[in-house]
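Chain letters run A, B, ... following the sequence lines, proteins first, then strands; residues in each count from 1. All values derive from a computational prediction rather than experimental measurement.
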Amino acid sequence: MKILLLHSDFIKYELVRKEIDLAEESDVKEESLKDLAVLFTCIEAGDHDETVSRAAEEVKETLNNLKVDRVLVYPYAHLSGNLAKPAEALKLIRLLAERIRALGFEVHRAPFGWNKSFSISVKGHPLAEQYMSITPAKEEGAEEKVPEALKAEEKQESKWFILDLDGRLIPVEKFDFTGHENLRKFADYEIRKSRVVDMVPPHVELMRRLEIADYEPGSDPGNLRWYPKGALIKSLLEEYVTDKVIEYGAMKVETPVMYDFEHPSLSRYLNRFPARQYIVKSDDKEFFLRFSACFGQFLMAHDAQISYRNLPLRMYELTKYSFRREKRGELVGLRRLRAFTMPDCHALCSDLEQAKEELLRRFRLSKQILTDGLELDEEDFELAIRFTRDFYEKNGDFVRRLVKEMGKPALIEEWEDRIFYFTLKWEFNFIDNLGKASALSTDQIDVENAERYGITYVDKDGEKRYPLILHCSPSGAIERGIYSILEKAYKKQMKGGVPSLPLWLSPTQVRLIPVSDEYLDYTEKLADQIEAEKIRVDIDDRELTVQRRVYEAEHEWVNYIVVVGGREKASGVLKVRDRVNRRIIELTVQELIEEVRSKVKDKPFKPLPLPRRLSARPRFFG
RNA sequence: GCCCCGGUGGCUCAGUGGGUAGAGCGGCAGCCUCGUAAGCUGUUGGUCGCGGGUUCAAAUCCCGCCCGGGGCUCCA
């Protein structure tokens, strides 16, 4: 509870309008009082009867000193950023007035819940203005575990720049964003200019309509359910990213999802990471659910025998899941979750030179995964680089090198001091249809954790040394990858294009529609032929008109739609509706197979996640 | 976390000066056997998010909670 006490000659206030439903009724619209103490009062979350009693006592003491016997309790929200709920606040403010009255004072109260105007004349003596803060007595264990880094982040001041291709570091407000609209949106988002959008994010509607994923009311918010089509898309992406990271040279490992809160290295690291955790109790121990693969991999590296010859040492894990208890209001669809799938790749490096070289390789790897795998265009994502001033002063060339690799200007955030465990961090950020930015790929140079976890390698001279650790998620969370694919598709649709999924991720790549039952057998044979070439093909055998089935295939974003009837059976030539290019082309089965194979190339393949015949499929949504 | 908006059949939504719930789509049944973006008819289906309160009577009013969306300026 906060109270600003003003010893006043007079106060006059007027009710303007009700601010909340709970506002107190009042017959008097205007009130003025003389020779009194005005108590601007605000009730904070956690205040209770006992807080009120102590406040009343403190007020009494002050009033006695001032020799005042008249007070006005004036509800005033602005004294705190941590307000109690209105109903509770009203209750306690009434109670406060009663308590003060019970101590023998004349108590007036300004109605709660109104926007009011007031004029006040405050006496000039030294004790006329007093501020009181009454905090509730601590209840055992009531305090939430908030990491130090979270608190630090709120205090940290950042400087924002754009680093252009010529290596100029330009303060954001002076940069000409012409031709860099996406970067402007990104900068606006990061520096938190207010946005006025009021719609359900497009990808949320799509993820449900396309039966990819959905909210699961039976779980904690931000923990989703994945329908067969979504599970397919997700596991294809997982496989793709994993293959790419192994190709780059990482060793794939697996580590537990929960860790002991009391483990010395872990508890210190927790305090350096800006996220809240899920807590799991088992017997009398507390565990937290991992929010990345760091713990498992670091503990593994701690116990390993590592020579400088083994560096850079690359370890990879697909964390399914990583858990972060994000604030309730932050959760949205596939963009921000509490349980998500994150590829996490660490690299132990001997020194900064090796780290920079490695970072560059991973930068290229990440870019390839976004453009080749997610099929994002380079205009779809923006580069952000964040570093401490000191790092930039010593490694400016390297930072400029990253921007050159990107091929367009990047947003820069500079910190005066190092509050996190890293000195440099870069990200690729996707900007969605509501102007919101989300980090996809990212990498960091960690200068703290090797020491914290006791991770060492032996150098040429036989000396134990601490390596630098890079933390990279080459794609970002898999869910977020799907979010960006869907948002991109919607963006395309808004520009008059055909929304679609990358062909290799499409649950149905080819749909066959027999004109009648008569051709079902023939259609099945075609499907067998196509399926044998690792193409997901299905058959819409439902008793609907051809037109209707084509309509639904379009709606489902099926890439190739083939109507099968007598003409096809006779000639062997298929009329293939190429949805993305809005045309109908004539192809033999073999040519159709080649068309699809030439586009998916060597991407991972998994079979159709549903019965081949649509008549045998349930509907999960809609 | 706080504020605002929303939650009615599987989906999209209508229905609030309190009087016992509707439509379209889907599902099911039937007709139609169909040639590239919604064929026709019938029928099924609802603890009106959950809990409490007010009332003779609550989807509707009040309180709390849960879930979704948006915002974090304002607000005692």
Atom-pair distance ([atom1] on [X]; [atom2] on [N]), nearest Å:
{"X": "A:Glu554", "N": "B:rG35", "atom1": "CD", "atom2": "P", "result": "18 Å"}
{"X": "A:Arg335", "N": "B:rG70", "atom1": "CZ", "atom2": "C1'", "result": "12 Å"}
{"X": "A:Asp540", "N": "B:rC34", "atom1": "CG", "atom2": "C1'", "result": "13 Å"}
{"X": "A:Glu330", "N": "B:rG1", "atom1": "CD", "atom2": "C1'", "result": "11 Å"}
{"X": "A:Asp214", "N": "B:rG10", "atom1": "CG", "atom2": "P", "result": "14 Å"}
{"X": "A:Leu614", "N": "B:rG27", "atom1": "CG", "atom2": "P", "result": "11 Å"}
{"X": "A:Leu331", "N": "B:rC67", "atom1": "CG", "atom2": "P", "result": "10 Å"}
{"X": "A:Glu552", "N": "B:rC11", "atom1": "CD", "atom2": "C1'", "result": "13 Å"}

Report the nucleotide, chosen from [options], that has the shortest atom-to-atom distance to any side-chain atom of [X].
{"X": "A:Val332", "options": "B:rA38, B:rG70, B:rG35", "answer": "B:rG70"}
{"X": "A:Lys436", "options": "B:rU12, B:rG70, B:rG35", "answer": "B:rG70"}
{"X": "A:Val550", "options": "B:rG70, B:rG69, B:rA37", "answer": "B:rA37"}
{"X": "A:Val563", "options": "B:rC11, B:rU36, B:rC67", "answer": "B:rU36"}
{"X": "A:Pro201", "options": "B:rU36, B:rG71, B:rG69", "answer": "B:rG69"}

Under 3.5 Å for both donor-acceptor distances, Watson-Crick or wobble: does [N] have a partner, and if so which one?
{"N": "B:rU20", "value": "none"}
{"N": "B:rA59", "value": "none"}
{"N": "B:rA29", "value": "B:rU41"}

Just checking [X]: base, sugar-phosphate only, or nothing, at a heavy-atom cut-off of under 4.0 Å?
{"X": "A:Arg619", "answer": "sugar-phosphate"}
{"X": "A:Glu568", "answer": "base"}
{"X": "A:Ile513", "answer": "nothing"}
{"X": "A:Gly218", "answer": "nothing"}
{"X": "A:Gln547", "answer": "sugar-phosphate"}
{"X": "A:Val515", "answer": "base"}

For [N] and [M], measure between their [atom1] atoms and round to the nearest Å.
{"N": "B:rA57", "M": "B:rG24", "atom1": "P", "value": "34 Å"}
{"N": "B:rG49", "M": "B:rU8", "atom1": "C1'", "value": "10 Å"}
{"N": "B:rU54", "M": "B:rG18", "atom1": "C1'", "value": "11 Å"}
{"N": "B:rA14", "M": "B:rG30", "atom1": "P", "value": "35 Å"}
{"N": "B:rA59", "M": "B:rC50", "atom1": "P", "value": "11 Å"}
{"N": "B:rA38", "M": "B:rC56", "atom1": "C1'", "value": "49 Å"}
{"N": "B:rG19", "M": "B:rU60", "atom1": "P", "value": "11 Å"}
{"N": "B:rG42", "M": "B:rC66", "atom1": "P", "value": "45 Å"}

* Between A:Ser219 and A:Arg208, which has a closest nucleotide on RNA chain B that is more 5'? ->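 The residue closer to the strand's 5' end, by nearest nucleotide, is A:Arg208.
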
* Asked: Of the options A:Val38, A:Thr41, A:Leu6, A:Leu39, which is the one that meets A:Tyr74 in a side chain to side chain contact (heavy atoms under 4.5 Å, CB included)?
  ->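 Exactly one candidate clears the test, A:Val38.
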
On the nucleotide [N], are OP1 or OP2 found under 4.0 Å from the side-chain N or O atoms that [X] carries?
{"X": "A:Ser516", "N": "B:rC34", "value": "no"}
{"X": "A:Arg582", "N": "B:rA37", "value": "no"}
{"X": "A:Arg548", "N": "B:rG39", "value": "yes"}
{"X": "A:Lys327", "N": "B:rG71", "value": "no"}

* To do: Record whether the side chain of A:Glu543 comes under 3.5 Å of the base of B:rC32 through a donor-acceptor pair of N or O atoms.
  =>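 Side chain to base: pair present.
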
* **Check: B:rA37 base within 3.5 Å donor-acceptor of A:Arg549 side chain** =>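 Under the 3.5 Å cut-off, the side chain and the base do not form any donor-acceptor pair.
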
* Asked: Can you find a side-chain donor-acceptor pair between A:Tyr551 and A:Arg549 that sits under 3.5 Å?
  ->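 A:Arg549 and A:Tyr551 do not have a side-chain donor-acceptor pair below 3.5 Å.
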
* Asked: In terms of side-chain heavy atoms, does A:Asp432 have a donor or acceptor partner in A:Tyr483 at a distance below 3.5 Å?
  ->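 There is such a pair between these side chains.
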
* Less than 4.0 Å between a side-chain N and a carboxylate O, is that true for A:Arg70 and A:Glu106? ->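 Yes, A:Glu106 and A:Arg70 are salt-bridged.
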
* NZ (A:Lys492) with more than 12 external heavy atoms under 6.0 Å ->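 Enclosed.
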
* Please walk me through it: do A:Glu533 and A:Glu594 pass side chain to side chain contact (heavy atoms under 4.5 Å, CB included)? -> CA-CA 9 Å; A:Glu533 301 295 330; A:Glu594 277 157 25; over 6 Å; no

* Asked: Are the ring centres of A:Phe340 and A:Tyr321 closer than 6.0 Å?
  ->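 No: the rings miss the under 6.0 Å criterion.
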
* Under the salt bridge (charged side-chain N to carboxylate O under 4.0 Å, His left out) rule, what do A:Arg536 and A:Glu531 come out as? Steps first, then yes or no, please. => CA-CA 6 Å; A:Arg536 286 181 293 274; A:Glu531 194 181 79; over 6 Å; no

